[in-house]
Amino acid sequence: MSAPVRRVITLGVAAVIGAAGLSACAANDAQEGGDKDAKTIALLLPESKTTRYEAFDKPLFEKKVAELCSDCNVDYYNADQDEAKQAQQVDSAVSKGADVIVLDPVNGAGAGGMVQTAQDAGATVVAYDRFIDKADYYLSFDNETVGRMQGEALVKAMGDKGGLLMLNGSPSDPNAAQFKAGAHSALDKAGVKILAEYDNPDWSPDNAQKWTGDQLAKYDASEIKGVYAANDGQAGGVVAALTGAGVAEDALPPITGQDAELAAIQRIVAGQQEMTIYKPIKIEADKAAELAVALVNGETPSDTTDFRGVASYIFDPIVVTQDNVAETVVKDGFYSVEDICTDEYAAACEAAGIS
Ligand code: GAL
């Protein structure tokens with residue numbers, strides 16, 4: 001819904017609340033530095049353990065909105081992986097008059113009530129990165145392709161049919177099911193033997209480390225020829241478990257990842273992680289900001305594609321290995337050579353030709 005229509009509704013509610021309610025609203029606005037005539041876009045992200053959200057998604061989105069719209073406010077929330085907290089944050093955003101709600105859900109399947117609350121209040125809901133049924137718009141990367149690329153990279157690096165340990169993402173994250181399906185399509189086709197598989201709640205790196213440690217009590221490290229980790233946070237836990245159990249850093253099996261976190265890029269340069277998936281978050285955050293600004297101005301975009309019945313934008317993921325660190329994350333300015341090649345990694349960078 002466009003901002004002008006939305007404001008009419010807000011005024012209607014205020015009139016019902018009466019004079020006392022109005023002064024309370026005014027005080028609230030003043031406290032938060034709010035401007036009644038400003039257009040409000042709420043951004044709700046799911047967690048802060050994965051570095052992308054606070055380091056990239058939030059600042060990039062806010063910067064782009066500021067560039068495109070001088071009278072737009074961004075009202076920001078992070079749910080810290082807590083679904084109930086996120087529901088309250090949606091209520092808060094709605095009560096502060098958000099015209100557009102950009103929501104990256106902790107639990108995709110459980111977010112229907114939040115979408116309904118927001119839409120009932122006249123806001124437009126954009127599902128950001130994770131799909132939500134009945135959202136008005138959706139933006140993400142091609143998640144099944146992410147999983148397939150991870151699986152194919154493992155098949156290639158393992159040069160062997162197993163055994164593999166498989167750490168999938170959180171069962172509450174709809175993307176995780178797509179990564180898993182994509183990875184299985186490549187691994188199953190190649191006949192890779194999976195020793196054990198785990199859907200890791202909350203994508204927790206600590207759980208990943210503990211689970212890998214538990215597998216080392218069942219299997220000899222020499223039987224583990226590869227580890228599928230759905231994201232870099234988990235890959236870090238896997239490396240810690242394996243090296244903690246005495247596997248030398250230069251004898252680690254191929255391990256996958258996703259998110260192109262700085263620590264993962266450093267592990268890739270040092271030969272401790274096989275690959276990661278780089279999703280240029282700027283493309284996603286910029287497009288979400290453009291879309292939110294267009295919607296707040298009452299425009300209807302015409303360049304969407306359909307994904308499960310929702311008007312969508314789907315972007316292409318990129319594989320990063322030691323060979324293309326320079327041409328991907330460095331070239332894009334996602335990280336500088338100085339970020340990656342700290343003292344600890346200077347020799348590895350030199351050996352890998354990253355300077
Ligand atoms: C996914 C998202 C990934 C990553 C992951 C948690 O839903 O697509 O980029 O953030 O959650 O690591």
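One-based numbering, in listed order, for ligands and for the atoms of each. Any value given below was found using the heavy atoms of this structure, including those in side chains, with hydrogens, waters and symmetry copies removed.
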(request) Look at the side chain of Ser170 and the backbone N and O of Asp202, then say whether any donor-acceptor pair between them is shorter than 3.5 Å. (result)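 Side chain of Ser170 to backbone of Asp202, a donor-acceptor pair under 3.5 Å: yes, one is there.
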(request) Before accepting this row, confirm whether a basic side-chain N of the pair Asp104/Arg52 lies closer than 4.0 Å to the acidic partner's carboxylate O. (result)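 Between Arg52 and Asp104 there is no salt bridge, as every charged N stays at least 4.0 Å from the carboxylate O atoms.
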(message) Check Asp214 with Lys210, please: is the shortest side-chain N to carboxylate O separation under 4.0 Å?
(response) yes
Should you measure from each heavy atom of [X], which atoms of ligand 1 turn up under 4.0 Å away?
X: Lys279; result: 2 (C), 3 (C), 8 (O), 9 (O)
X: Asp129; result: 2 (C), 7 (O), 8 (O)
X: Asn175; result: 1 (C), 2 (C), 7 (O), 8 (O)
X: Thr50; result: 6 (C), 10 (O), 12 (O)
X: Phe179; result: 8 (O)

(request) Inspect the surroundings of CD in Glu249 and state if more than 12 heavy atoms from other residues, nucleotides or ligands are less than 6.0 Å away. (result) no
(message) Can you tell me how the ring of Tyr138 sits relative to the ring of Phe131, calling it parallel under 30°, perpendicular over 60° and tilted otherwise?
(response) perpendicular
(request) Give me the ring orientation class for Phe334 and Phe56: parallel if the planes are under 30° apart, tilted from 30 to 60°, perpendicular past 60°. (result) parallel
(message) Quick check: Arg52 and ligand 1, any N/O pair under 3.5 Å apart?
(response) yes
(request) Quick one: look up the protein heavy atom nearest atom 10 (O) of ligand 1 and list residue, atom name and how far away it is. (result)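 For atom 10 (O) of ligand 1, the nearest protein heavy atom is Tyr53 OH, 2.7 Å.
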(request) Look at atom 1 (C) of ligand 1 and say which protein heavy atom is nearest, naming residue and atom and giving the distance to 0.1 Å. (result) Asp173 OD2, 3.2 Å
(request) Determine the minimum heavy-atom distance between Lys161 and Ala190, stating which atoms define it. (result)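 So the minimum-distance heavy-atom pair works out to NZ-O, 3.0 Å.
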(request) Would you kindly specify which portion of Asp259 sits under 4.0 Å from ligand 1, judged on non-hydrogen atoms: side chain, backbone, both or neither? (result) side chain
Given [options], which has its nearest heavy atom closest to [atom]?
atom: atom 11 (O) of ligand 1; options: Arg130, Glu47, Glu261, Gln234; value: Arg130
atom: atom 6 (C) of ligand 1; options: Phe141, Trp203, Phe131; value: Trp203
atom: atom 12 (O) of ligand 1; options: Asn231, Asp232, Ile281; value: Asn231

(request) Identify whether NZ of Lys or CZ of Arg in Lys287 sits under 6.0 Å from the centre of the six-membered ring of Phe315 and within 45° of that ring's axis. (result) no
